[in-house]
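Structure first, commentary second.
Indexing begins at 1, ligand by ligand and atom by atom, following the structure's order. Positions are given from 1, in the same order as the sequence printed here.
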Amino acid sequence: MTFRLAVLASGRGSNLRALIQAQESGVLDTRIVGVFSDRPACAALAIAREHGIPAIAHRPADFGSREDFDESMFNEIEGVQPDLIVCAGYMRLISRRAVERFKDRMINIHPSLLPKYPGLDTHSRALASGDREHGASVHCVIPALDSGPVIAQAKMPVMAGDDSESLARRLLEREHPLLVQSVKAISEGGVELRHGEILWRGKTLQSPLQLNDLDQLEEGK
Ligand code: GRF
């Protein structure tokens, strides 16, 4: 049975596009069964519609509280029966209740080498700290922001002359295969999320998997 994905996005949607392309080219044996957003006009929803994927937006202003918004949004998400929820540039905090409802079934991509730099402005924070290395992480979603166990990372060097735009641009090129390969590993069962723990080929993952130059995930050192 095809593995069902729900994608949450708020903006540009390049990670969503990467998932769609991977699906269409057969790299992923998945089906994106819905794209959900808190921003009705965002590009990600338009991309979904172009590809015939149901695209659903809820406006936070229409709800009295974060809990009410999430209750409504995640009821819709549950309705498409996803095996996995992928937050791909979803810029809204998710309430504890919604996170717990989908425990072990929700992942997020974040543009830093977590646990470094949860939250915003990750590229400028990496530069300000003088980091020689930067990267992106795919992690399990837990109630605390950008803090769940890390499944996989893509690392890249910071070069002389880099600014936050150049870092963001170069990193995005690594984010796409990182997200695709992470979803692939979960959908094929190589990675399992169980009670907040990550299993890789049946054993507890000790450190995040790494995306190598061949765009494959391998055990981290
Ligand atoms: C990415 O950098 C992702 O890591 C972060 O938000 C950005 C989304 O980009 N969470 P896009 O909308 O997928 O192009």
Side-chain angles (χ1 to χ4, degrees), residues 5-24 27-28 30 32 34-51 53 55-58 73 84-94 98-99 102 106-127 131 133-156 158 162-184 186 208-211 215 217:
L5 302 175
V7 178
L8 269 62
S10 303
R12 175 177 58 185
S14 71
N15 278 286
L16 167 67
R17 195 188 285 285
L19 291 174
I20 294 172
Q21 279 168 358
Q23 223 177 237
E24 290 180 347
V27 170
L28 284 179
T30 56
I32 301 175
V35 174
F36 298 83
S37 184
D38 57 335
R39 301 203 186 146
C42 76
L45 290 175
I47 293 170
R49 290 191 190 104
E50 270 166 33
H51 290 266
I53 299 167
I56 295 137
H58 277 39
M73 173 86 122
L84 185 70
I85 299 172
V86 181
C87 299
Y90 184 62
M91 300 308 285
R92 209 178 143 74
L93 273 174
I94 301 174
V99 170
F102 291 94
M106 187 155 30
I107 62 170
N108 178 48
I109 181 156
H110 182 76
S112 80
L113 293 173
L114 290 171
K116 280 187 165 184
Y117 320 127
L120 299 173
D121 302 326
T122 56
H123 313 298
S124 45
R125 286 156 74 196
L127 285 172
D131 292 358
E133 196 173 53
H134 188 41
S137 306
V138 169
H139 66 93
C140 303
V141 175
I142 64 165
L145 180 70
D146 301 328
S147 300
V150 178
I151 300 165
Q153 293 183 321
K155 292 182 177 164
M156 61 171 216
V158 176
D162 261 328
D163 57 19
S164 56
E165 282 78 34
S166 65
L167 270 188
R169 201 168 41 243
R170 254 191 3 267
L171 186 56
L172 197 62
E173 287 169 17
R174 301 306 290 148
E175 284 190 40
H176 298 160
L178 175 67
L179 185 60
V180 166
Q181 290 304 317
S182 300
V183 168
K184 187 175 169 70
I186 295 170
L209 298 168
Q210 299 295 321
L211 187 74
D215 288 356
L217 292 182

Any N or O of G11 closer than 3.5 Å to N or O of ligand 1: no
Interfacing atoms of ligand 1 (cut-off 4.0 Å, heavy-atom, N15): 1 (C), 9 (O), 11 (P), 13 (O), 14 (O)
L45 versus A57, closest heavy-atom pair with distance: CD1-CB, 3.7 Å
Ligand 1 to S14 polar contact by distance, N or O atoms, under 3.5 Å: yes
Those residues that, when tested against H58, pass ring-ring contact (aromatic ring centres under 6.0 Å, His included) (two or more places apart): F63
Residues E24 and H51: side-chain donor-acceptor under 3.5 angstrom: yes
4.5 Å side-chain heavy-atom contact, M156 and L167: yes
From the candidates G89, S137, A168, the one that places a heavy atom nearest atom 8 (C) of ligand 1: G89
4.0 Å heavy-atom contact, G13 with ligand 1: yes
Mode of M91 contact toward ligand 1 - side chain, backbone, both, neither (heavy atoms, under 4.0 Å): neither
4.0 Å heavy-atom contact, P111 with ligand 1: yes
Atom 10 (N) of ligand 1 [closest protein heavy-atom partner, distance rounded to 0.1 Å]: I109 O, 2.9 Å
Heavy-atom side-chain contact between L172 and N15 under 4.5 Å: yes
Atom indices of ligand 1 within 4.0 angstrom of R12 heavy atoms, with elements: 9 (O), 11 (P), 12 (O), 14 (O)
Identity and distance of the protein heavy atom lying nearest atom 3 (C) of ligand 1: E175 OE1, 3.2 Å
For V141 against V99, the heavy-atom pair lying closest together: O-CG1, 3.7 Å
Pair H110, T122: side-chain N/O donor-acceptor within cut-off below 3.5 Å: no
